[in-house]
Enquirer: 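This structure is in structure tokens; I'll ask about it shortly.
The chains referred to below are lettered A, B, ... by the order of the sequence lines, with proteins before strands, and numbering in each begins at 1. Nothing here was measured: the structure is a model prediction, and the numbers come from that model.
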Number of protein chains: 2
Amino acid sequence: MANALEVVGERWSLLALREVFFGNTRFDQIAANTGASRDVLTVRLKKLVAAGVLEKRLYSDHPPRHEYLLTDAGRALHNVMLMLKEWGDAYVTEGPLPLVWKHSCGAVLEPRVMCAACGEEASRGSLTPVTAPTH
Amino acid sequence: MANALEVVGERWSLLALREVFFGNTRFDQIAANTGASRDVLTVRLKKLVAAGVLEKRLYSDHPPRHEYLLTDAGRALHNVMLMLKEWGDAYVTEGPLPLVWKHSCGAVLEPRVMCAACGEEASRGSLTPVTAPTH
DNA sequence: TACGGCGAGTTGGAAAATCCAACTCAGGAG
DNA sequence: CTCCTGAGTTGGATTTTCCAACTCGCCGTA
């Protein structure tokens with residue numbers, strides 16, 4: 001967890017990623033939609049690229065224009081963001097939600113965490129921590 | 001998401017919560033295990049209490065000693081932390097993992113996100129965003 | 001050729017947050 | 001009486017963040 005937070009735990013990092021998930025892949029879009037100041041955003045994006053979460057791609061030579069795209073690692077963050085949004089919706093956000101996700105089954109998504117091995121829901125009570133032997 | 005991050009998105013907040021999940025509910029334990037400086041930790045814990053994520057309880061009158069306990073909102077963050085840990089384990093942490101979770105089915109937990117309505121896995125491809133009508 | 005505009009930053013200075021070590025204060029333990 | 005522990009406070013140095021303004025390359029138009 002601490003390692004994860006070192007990569008995406010700084011202010012604006014996750015919000016910037018959210019924008020890329022929404023298809024807002026250009027610097028000015030990200031800046032406008034997150035509210036991050038441009039200098040901080042520059043630093044964050046650089047760090048996310050360096051960490052392999054985003055990839056900076058030139059999509060036009062003349063004029064030179066780039067966009068930020070998700071790598072596999074970046075795409076894998078979607079789950080984290082879903083759960084974070086879910087928690088915010090449930091315990092922080094008041095009033096109607098500005099956005100929901102619709103699942104292909106037709107329902108509005110209420111994400112749950114399940115165990116990949118058995119398919120059952122993984123609640124806190126059904127889990128036990130196992131520390132690695134310190135050797 | 002932005003709302004959620006306003007509550008738990010600051011540095012040390014999630015790590016402090018992790019410690020409480022592990023049963024390290026006292027100030028000094030949290031400080032030692034997270035590495036946060038004591039003054040910042042004081043502020044973070046106050047904020048988490050104010051936000052209703054933690055609760056400060058006196059567990060001994062003489063001498064006066066308190067501990068931080070999870071509220072419902074706090075417990076609900078477990079899912080977020082599971083996914084964050086999962087991501088860190090998969091894309092950031094190198095070498096053997098210091099800790100894994102064991103599910104009651106016997107397997108080491110690999111958390112997946114599923115749709116509560118249909119029970120199917122909710123991958124990015126199976127989801128579509130629906131914005132609230134701006135009216 | 002000049003002029004405005006856009007994308008993507010950079011720069012400088014003020015304001016806020018963080019780090020760290022040392023200090024406090026209350027209540028036991030010896 | 002002195003030492004120790006838990007839970008912070010305090011002061012000062014260091015980093016980050018914020019913000020508005022500036023730059024630079026390139027384009028469209030006139």
Side-chain angles (χ1 to χ4, degrees), chain A residues 1-51 53-70 74, chain B residues 1-51 53-70 74:
Chain A
M1 250 194 67
N3 294 333
L5 286 174
E6 232 152 86
V7 175
V8 297
E10 288 169 308
R11 209 176 168 194
W12 306 120
S13 293
L14 276 176
L15 290 177
L17 282 164
R18 177 193 66 183
E19 290 310 312
V20 179
F21 271 106
F22 281 133
N24 299 326
T25 57
R26 298 207 311 285
F27 187 90
D28 277 17
Q29 294 178 313
I30 299 173
N33 292 327
T34 60
S37 48
R38 311 171 69 78
D39 51 356
V40 175
L41 191 57
T42 303
V43 175
R44 289 293 176 279
L45 290 173
K46 270 203 184 98
K47 183 164 179 182
L48 290 172
V49 169
V53 176
L54 288 178
E55 180 189 351
K56 189 175 182 176
R57 215 198 45 158
L58 207 69
Y59 68 87
S60 151
D61 262 337
H62 283 289
R65 293 279 181 270
H66 359 62
E67 61 187 340
Y68 291 91
L69 298 179
L70 294 162
Chain B
M1 249 194 67
N3 294 334
L5 286 174
E6 233 151 86
V7 176
V8 297
E10 288 169 308
R11 208 175 169 194
W12 307 119
S13 293
L14 277 176
L15 289 178
L17 282 164
R18 176 194 66 182
E19 291 309 313
V20 179
F21 271 106
F22 281 133
N24 299 327
T25 57
R26 298 209 310 285
F27 187 89
D28 277 17
Q29 293 178 315
I30 300 173
N33 293 327
T34 58
S37 49
R38 312 171 68 77
D39 52 354
V40 175
L41 191 57
T42 302
V43 175
R44 288 293 176 279
L45 290 172
K46 270 204 183 99
K47 185 166 177 180
L48 290 172
V49 169
V53 176
L54 288 178
E55 179 189 351
K56 189 175 182 175
R57 215 200 45 157
L58 206 68
Y59 69 87
S60 151
D61 261 337
H62 283 286
R65 294 280 180 266
H66 0 62
E67 62 187 339
Y68 292 91
L69 298 179
L70 294 162

Enquirer: Are any of B:K56's side-chain N or O atoms less than 4.0 Å away from OP1 or OP2 of D:dG6?
Expert: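 Negative; the distance criterion is not met.
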Enquirer: Does a nitrogen or oxygen in the side chain of B:R65 sit under 4.0 Å from OP1 or OP2 of D:dG6?
Expert: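 Answer is no, no contact under 4.0 Å.
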Enquirer: Are A:L54 and A:L69 side-chain neighbours, meaning at least one heavy-atom pair lies under 4.5 Å?
Expert: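 No - every pair of side-chain heavy atoms lies 4.5 Å or more apart.
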Enquirer: I need the CZ-P distance between B:R26 and D:dC4, as an integer number of Å.
Expert: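 Nearest whole value for this atom pair: 18 Å.
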Enquirer: Quick test of your reading of the model: are B:R57 and B:E67 salt-bridged, counting only N-O distances below 4.0 Å?
Expert: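 Yes.
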Enquirer: Of the non-hydrogen atoms in A:N33 and A:R18, which two are nearest, and what is the gap between them?
Expert: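 Smallest heavy-atom distance, with atoms named: O-NH2, 3.6 Å.
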Enquirer: Any heavy-atom pair between the side chains of B:T25 and B:L70 that's under 4.5 Å?
Expert: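 The answer is no, as the side chains (C-beta and beyond) never meet within the 4.5 Å cut-off.
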Enquirer: Kindly say if B:R11 contacts the phosphate of C:dC19, meaning a side-chain N or O under 4.0 Å from OP1 or OP2.
Expert: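 True: B:R11 side-chain N/O within range (under 4.0 Å) of C:dC19 OP1/OP2.
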Enquirer: Counting just side-chain N and O atoms, does B:W12 come under 4.0 Å of either OP1 or OP2 of C:dC19?
Expert: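 Checking B:W12 against C:dC19: at least one side-chain N or O falls below 4.0 Å of OP1 or OP2.
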Enquirer: A:Y68 side chain: which of D:dT9, D:dA7, C:dG9 is closest?
Expert: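 Output: C:dG9.
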Enquirer: Send over the distance from A:E67 CD to C:dG9 P, rounded to a whole Å.
Expert: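 Taking atom P of C:dG9 as the reference, CD of A:E67 is at 12 Å.
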Enquirer: Atom CG of A:D28 and atom P of C:dG9: how far apart are they, to the nearest Å?
Expert: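 After rounding, the gap between these two atoms is 9 Å.
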Enquirer: Check the distance between C:dG7's C1' and A:L41's CG and give it to me in whole angstrom.
Expert: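 A:L41 atom CG is separated from C:dG7 atom C1' by 13 Å.
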Enquirer: Report the end-to-end axis angle of the helix from C:dT1-D:dA30 to C:dG30-D:dC1; each axis comes from five terminal pairs, and the value is rounded to 10°.
Expert: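 It comes to 10° between the two terminal axes.
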Enquirer: If you find the nucleotide of DNA chain D closest to A:G35 and the one closest to B:T42, which residue's nucleotide is nearer the 5' end?
Expert: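 Result: B:T42.
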Enquirer: NE2 of A:H66 versus P of C:dA8: gap in Å, rounded?
Expert: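 Result: 7 Å.
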Enquirer: Would you call A:E10 and A:R44 a side-chain contact if the rule is heavy atoms closer than 4.5 Å?
Expert: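 Heavy-atom side-chain distance check passes, below 4.5 Å.
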Enquirer: Answer yes or no: does a side-chain N or O of B:K46 lie under 4.0 Å from OP1 or OP2 of D:dT9?
Expert: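 So the side chain of B:K46 is within the cut-off, an N or O lying under 4.0 Å from OP1 or OP2 of D:dT9.
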Enquirer: Counting heavy atoms from C-beta on, name the nucleotide in C:dG12, D:dT16, C:dG28 closest to the side chain of A:D39.
Expert: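 Out of C:dG12, D:dT16, C:dG28, the nucleotide with an atom closest to A:D39's side chain is C:dG12.
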Enquirer: Of all residues at least two apart in sequence or in a different chain, which pass the ring pair (Phe, Tyr, Trp, His ring centres under 6.0 Å) check with A:F27?
Expert: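 With sequence neighbours excluded, A:F27 shows a ring pair (Phe, Tyr, Trp, His ring centres under 6.0 Å) to no residue whatsoever.
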Enquirer: Between P on D:dG6 and CG on B:N33, what's the gap in Å once rounded to a whole number?
Expert: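 Atom-to-atom, B:N33 to D:dG6, this comes out as 13 Å.
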Enquirer: Grab the CZ-P distance between B:F27 and C:dT24 for me, whole Å please.
Expert: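 Distance check: B:F27 CZ to C:dT24 P gives 18 Å.
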Enquirer: Can you tell me how far CD1 of B:I30 sits from OH of B:Y68, rounded to the nearest 0.5 angstrom?
Expert: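 Interatomic distance, B:Y68 OH to B:I30 CD1, rounded to 0.5 Å: 7.0 Å.
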Enquirer: By nearest heavy atom, map A:R44 and B:R38 onto DNA chain D; which one lands nearer the 5' end?
Expert: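 Nearer the 5' end of the strand: B:R38.
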Enquirer: Without decimals, in angstroms, what is the distance between A:R57 CZ and C:dA8 C1'?
Expert: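 Atom-to-atom, A:R57 to C:dA8, this comes out as 17 Å.
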